[in-house]
Amino acid sequence: MSFDRYVAICQPLHYAAIMKQQLCSYLVGAGWVIGFTLSSYHLVLLSKLTFCGPNKIQHFFCDNSPLFKLSCSDTNLLWKADSVLLSFVVLGSLCLILVSYMGIFHCILHMPAASGRKKAFATWSSHLTALAIAYRSCIVLYAQPTEEVSLETNTVVALLNTV
């Protein structure tokens with residue numbers, strides 16, 4: 001989506017030539033393949049957990065932290081693998097998006113007409129706000145998962161992320 005916004009704002013006359021259906025299909029396909037590959041690895045690690053206590057998760061969806069806390073297995077390796085894997089996904093995608101958004105910001109600053117800058121900035125700022133809310137909650141939830149974070153805090157942040 002950030003690449004789409006970059007092309008729409010910085011190359012508006014070339015938008016139809018650049019954002020063809022084939023490129024969109026490649027971008028969506030790459031997202032699906034990367035997401036499926038990383039999720040599969042993560043599910044393999046989760047499938048090795050054993051549970052011996054109550055089978056009730058005190059959360060509104062089945063997230064990693066509640067599962068790890070219910071498990072009677074040693075979860076230290078899972079906490080570390082989860083942190084590295086999800087940090088790579090969250091922070092890696094954030095870096096790619098920020099590069100695109102810096103290009104957009106540069107283009108907006110160099111637009112000759114003030115009305116064009118205002119319209120472009122209005123479109124871009126709503127995306128930037130949604131990005132900030134989503135990534136802040138993802139970083140809090142997943143970039144540094146630790147056992148010390150309470151389930152209540154995790155639930156509130158996960159609710160913000162979901163909404």
Side-chain angles (χ1 to χ4, degrees), residues 1-9 18-105 121-163:
M1 185 171 192
S2 65
F3 180 70
D4 176 67
R5 292 295 89 204
Y6 173 78
V7 174
I9 292 172
I18 296 172
M19 290 303 293
K20 293 183 178 179
Q21 186 174 357
Q22 185 178 17
L23 177 61
C24 291
S25 298
Y26 286 148
L27 292 173
V28 169
W32 275 88
V33 167
I34 291 169
F36 182 75
T37 303
L38 294 176
S39 296
S40 297
Y41 175 75
H42 189 70
L43 288 174
V44 167
L45 290 176
L46 286 175
S47 69
K48 300 194 184 276
L49 291 177
T50 57
F51 300 96
C52 54
N55 291 330
K56 269 191 161 174
I57 296 177
Q58 300 298 322
H59 210 284
F60 66 95
F61 70 93
C62 189
D63 200 16
N64 295 340
S65 296
L67 275 178
F68 291 171
K69 290 185 184 219
L70 281 178
S71 175
C72 54
S73 307
D74 181 24
T75 58
N76 288 330
L77 178 63
L78 283 171
W79 281 107
K80 289 175 185 171
D82 205 36
S83 180
V84 169
L85 180 68
L86 292 170
S87 293
F88 171 74
V89 170
V90 171
L91 298 176
S93 65
L94 179 62
C95 287
L96 290 173
I97 291 170
L98 288 178
V99 165
S100 176
Y101 277 33
M102 286 188 300
I104 291 171
F105 186 67
F121 188 71
T123 301
W124 179 66
S125 63
S126 64
H127 289 256
L128 192 61
T129 302
L131 176 86
I133 292 169
Y135 273 91
R136 182 176 291 162
S137 59
C138 281
I139 288 170
V140 168
L141 277 175
Y142 301 118
Q144 288 269 325
T146 61
E147 295 182 51
E148 292 83 33
V149 175
S150 71
L151 283 178
E152 292 81 22
T153 303
N154 188 304
T155 303
V156 170
V157 175
L159 180 63
L160 175 65
N161 189 25
T162 303
V163 170

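For the numbers below, each heavy atom of this structure counts, side chains included, while hydrogens, waters and symmetry mates do not.
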Visitor: Heavy-atom count check: over 12 atoms from other residues, nucleotides or ligands less than 6.0 Å from Phe105 CZ?
Guide: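 Atom CZ in Phe105 is not packed in, count stays at 12 or less.
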
Visitor: Rounded to the nearest 0.5 Å, what separates atom CD1 in Ile104 from atom CG in Leu98?
Guide: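 Between atom CD1 of Ile104 and atom CG of Leu98 there are 10.5 Å.
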
Visitor: Considering non-hydrogen atoms only, spot the tightest contact between Lys48 and Ser73 and give its length.
Guide: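 In this case the closest contact between Lys48 and Ser73 is O-OG, 4.3 Å.
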
Visitor: Quick one: pull up OH in Tyr135 and CD1 in Ile97 and give me the separation to the nearest 0.5 Å.
Guide: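 One finds 3.5 Å between OH of Tyr135 and CD1 of Ile97.
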
Visitor: Tell me, yes or no, whether the heavy-atom count around Phe51 atom CZ, taken from other residues, nucleotides or ligands under 6.0 Å, exceeds 12.
Guide: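 Above 12, so yes.
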
Visitor: Using every non-hydrogen atom in the two residues, find where Thr37 and Val33 come nearest and quote the distance to one decimal.
Guide: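 Between these two residues, the closest heavy atoms are OG1-O, 2.7 Å.
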
Visitor: Any side-chain heavy-atom pair from Ile18 and Phe3 closer than 4.5 angstrom?
Guide: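 Contact flag for Ile18/Phe3 side chains = yes.
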
Visitor: Which atom names give the shortest non-hydrogen contact between Thr50 and Ser71, and what distance separates them?
Guide: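 Thr50 and Ser71 have their closest heavy atoms at O-OG, 3.0 Å.
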
Visitor: Once you round to the nearest 0.5 Å, how far does CG of Leu91 lie from CG of Leu96?
Guide: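 One gets 11.5 Å once the value is rounded to the nearest 0.5 Å.
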
